[in-house]
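Here it is, the structure, as structure tokens.
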Number of protein chains: 2
Amino acid sequence: MSKGDETRHAILTEATAVAAKVGLTGMTIGQLAAHTGMSKSGLYAHFASKEALQIEILRHTRERFVDQVVRPALQAPRGVARLRVLFDAWVTWSETSADGGCLFVAACSELDDQPGPVRDALVRDEHDWLEMIVTVAGTAVSEGEFREDLDLEQFAYELHALTLAHQHSSRLLRDPKALERVRRAFDSLITHAA
Amino acid sequence: MSKGDETRHAILTEATAVAAKVGLTGMTIGQLAAHTGMSKSGLYAHFASKEALQIEILRHTRERFVDQVVRPALQAPRGVARLRVLFDAWVTWSETSADGGCLFVAACSELDDQPGPVRDALVRDEHDWLEMIVTVAGTAVSEGEFREDLDLEQFAYELHALTLAHQHSSRLLRDPKALERVRRAFDSLITHAA
DNA sequence: CCAGTTATAGCACGGTCGTTCTTTTCTGTC
DNA sequence: GACAGAAAAGAACGACCGTGCTATAACTGG
């Protein structure tokens with residue numbers, strides 16, 4: 001990896017952390033330059049525009065998300081076990097990927113009324129994520145652990161709701177019981193799908 | 001109501017709509033002045049600072065929330081019926097209160113890592129809202145419609161999760177089935193609490 | 001209707017925004 | 001170690017930010 005790619009990568013990693021805290025829009029080039037110890041123009045030279053940087057941040061985050069959440073799940077045995085790993089990996093991700101929690105969750109309510117390519121990219125990512133949940137839950141159906149007539153998309157909707165709720169209770173309310181809450185809700189979801 | 005109070009009220013109403021779209025931080029005084037047809041300084045004279053304006057926006061939204069969501073529920077008969085009215089009123093609220101959906105939901109992920117008085121006010125509001133759900137669900141327990149050993153706070157957590165999910169599916173994903181999804185999830189929640 | 005208050009506009013401020021251009025410094029190759 | 005090319009810094013741009021101050025316009029109670 002050349003020097004340029006190296007710093008570019010470092011910038012994106014730092015930018016992801018900043019964006020998770022202050023938002024993709026709230027994040028500024030100057031702020032980012034200060035955080036990375038670079039000059040504003042030196043940093044900016046790596047990207048075509050702020051919007052391009054925002055999209056790159058999403059792409060970079062997506063890659064790490066696949067590594068840390070999706071891949072572990074695909075290595076687990078099909079069915080509820082895989083679903084558990086997927087969920088646990090997400091919880092871990094939301095606590096460790098950035099100081100501000102899961103960037104995707106934060107970006108969702110920030111961009112939901114801001115049309116443009118950044119929003120479009122995020123919507124694609126969210127659809128992929130929901131589809132991933134549907135697929136994994138589907139393995140639980142075909143393994144006979146979930147009932148045959150389970151509405152998989154409804155299940156994914158409700159599971160996804162828990163991730164949003166967890167960010168809320170853990171990051172906004174700082175509820176010490178946040179982890180316990182989301183785990184119980186997940187278990188209840190699994191139970192009623194059987 | 002004097003002239004001053006009148007325009008102040010109009011500003012807050014407009015500001016609520018703008019903030020629901022671009023966020024409490026993303027909203028700017030100039031933008032707001034343009035929207036209301038006032039000069040920047042004329043508008044600004046009604047508030048001590050931008051931060052004070054943000055807090056006033058929350059207060060103003062809270063008042064309308066009580067009118068449109070809480071009050072109707074309290075007029076409904078105790079128990080599940082009241083819970084249904086509360087939930088339906090919230091769904092209506094999220095669709096009609098502002099173009100950007102429920103301001104509180106939007107503010108939650110925007111402010112979850114931004115310490116300060118605005119965040120503090122929001123946290124208080126969210127706690128009150130969760131407590132409201134707990135109280136109403138409690139009436140369903142004492143009416144014998146919900147089981148005696150139901151964990152009310154867990155119930156409130158899961159119901160609140162649905163409001164977050166609805167904002168996500170309806171505003172970000174623009175899912176035509178959003179309403180149906182959240183209704184089904186709500187019914188399932190009610191069923192399993194009985 | 002007038003006086004006194006209140007509401008609004010105009011203007012300016014230091015600062016930061018995203019962005020561009022030019023110049024300097026560094027990196028990798030023969 | 002010189003040289004070409006890439007990477008970073010410096011300086012500047014117009015625009016807009018939040019926030020004051022000052023003057024004018026609009027309201028309101030007597």
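Every chain is numbered from 1 and lettered A, B, ... according to where its sequence line falls, protein lines coming before strand lines.
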Inset, instruction - Go through the structure and list residues passing side-chain hydrogen bond (donor to acceptor under 3.5 Å, both in side chains) with A:R119, not counting sequence neighbours. - result: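 Counting only residues at least two positions away or on another chain, A:R119 forms no side-chain hydrogen bond (donor to acceptor under 3.5 Å, both in side chains).
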Legend entry - Under the side-chain hydrogen bond (donor to acceptor under 3.5 Å, both in side chains) test, residues paired with B:D151 that sit two or more places apart: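 For B:D151 the side-chain hydrogen bond (donor to acceptor under 3.5 Å, both in side chains) partners, ignoring immediate neighbours, are A:R184.
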Legend entry - Pairs flagged by ring pair (Phe, Tyr, Trp, His ring centres under 6.0 Å) wherever residues 170-191 of chain A is involved - sequence neighbours left out: A:F87-A:F186
Inset, instruction - With a 4.0 Å heavy-atom cut-off, tell me which residues in residues 14-29 of chain A come close to DNA chain C, sorted by residue number. - result: A:M27, A:T28, A:I29
Legend entry - Interatomic distance, A:Q31 CD vs C:dG15 P [rounded to whole Å]: 18 Å
Inset, instruction - In plain terms, say whether A:D187 and A:R84 are close enough for a salt bridge, that is, a side-chain N and a carboxylate O under 4.0 Å apart. - result: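 Counted as a salt bridge, because a side-chain N and a carboxylate O are separated by less than 4.0 Å.
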Legend entry - Boundaries of the DNA chain D segment in contact with chain A, non-hydrogen, under 4.0 Å: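 Using the under 4.0 Å cut-off, the span is D:dA7 to D:dA11.
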For a quick test of your reading: what N or O donor-acceptor pairs under 3.5 Å do the side chains of residues 9-18 of chain B make, sequence neighbours left out?
residue: B:T13; atom: OG1; partner: B:H9; partner atom: O; Å: 3.0
residue: B:E14; atom: OE2; partner: B:H35; partner atom: ND1; Å: 3.0
residue: B:T16; atom: OG1; partner: B:L12; partner atom: O; Å: 2.7

Inset, instruction - With sequence neighbours left out, write down each residue that passes side chain to side chain contact (heavy atoms under 4.5 Å, CB included) with B:R147, or none if nothing qualifies. - result: B:D149, B:L150
Legend entry - Separation of C:dT20 P from A:F47 CZ (nearest whole Å):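 Between P of C:dT20 and CZ of A:F47: 15 Å.
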Tabulated below should be each protein N or O lying under 3.5 Å from an N or O of nucleotides 3-10 of chain C; please produce it.
residue: C:dT8; atom: OP1; partner: B:K3; partner atom: NZ; Å: 3.3
residue: C:dT8; atom: OP1; partner: B:T7; partner atom: OG1; Å: 3.3
residue: C:dT8; atom: OP2; partner: B:T7; partner atom: OG1; Å: 3.1
residue: C:dT8; atom: OP2; partner: B:H46; partner atom: NE2; Å: 2.4
residue: C:dA9; atom: OP2; partner: B:S39; partner atom: N; Å: 2.8
residue: C:dA9; atom: OP2; partner: B:S39; partner atom: OG; Å: 3.0
residue: C:dA9; atom: N7; partner: B:S41; partner atom: OG; Å: 3.2
residue: C:dG10; atom: N7; partner: B:S41; partner atom: OG; Å: 2.8
residue: C:dG10; atom: O6; partner: B:S41; partner atom: OG; Å: 2.9

Legend entry - Partner residues of B:R78 under the side chain to side chain contact (heavy atoms under 4.5 Å, CB included) criterion, sequence neighbours left out: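 Applying side chain to side chain contact (heavy atoms under 4.5 Å, CB included) to B:R78 gives B:R82, B:T139, B:S142, B:E143.
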Inset, instruction - Can you run down the side-chain hydrogen bond (donor to acceptor under 3.5 Å, both in side chains) pairs that involve residues 38-51 of chain B, sequence neighbours left out, and say none if there aren't any? - result: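 Sorted result for residues 38-51 of chain B: empty, none.
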Legend entry - side chain to side chain contact (heavy atoms under 4.5 Å, CB included) partners of B:V70, counting only residues at least two apart: B:F65, B:V66, B:L74, B:M132
Distance-only criterion, 3.5 Å: show the donor-acceptor pairs between side-chain atoms of residues 156-165 of chain A and protein atoms not counting sequence neighbours.
residue: A:E158; atom: OE2; partner: A:Q154; partner atom: NE2; Å: 2.9
residue: A:H160; atom: NE2; partner: A:E126; partner atom: OE1; Å: 3.1
residue: A:T163; atom: OG1; partner: A:H160; partner atom: O; Å: 2.5

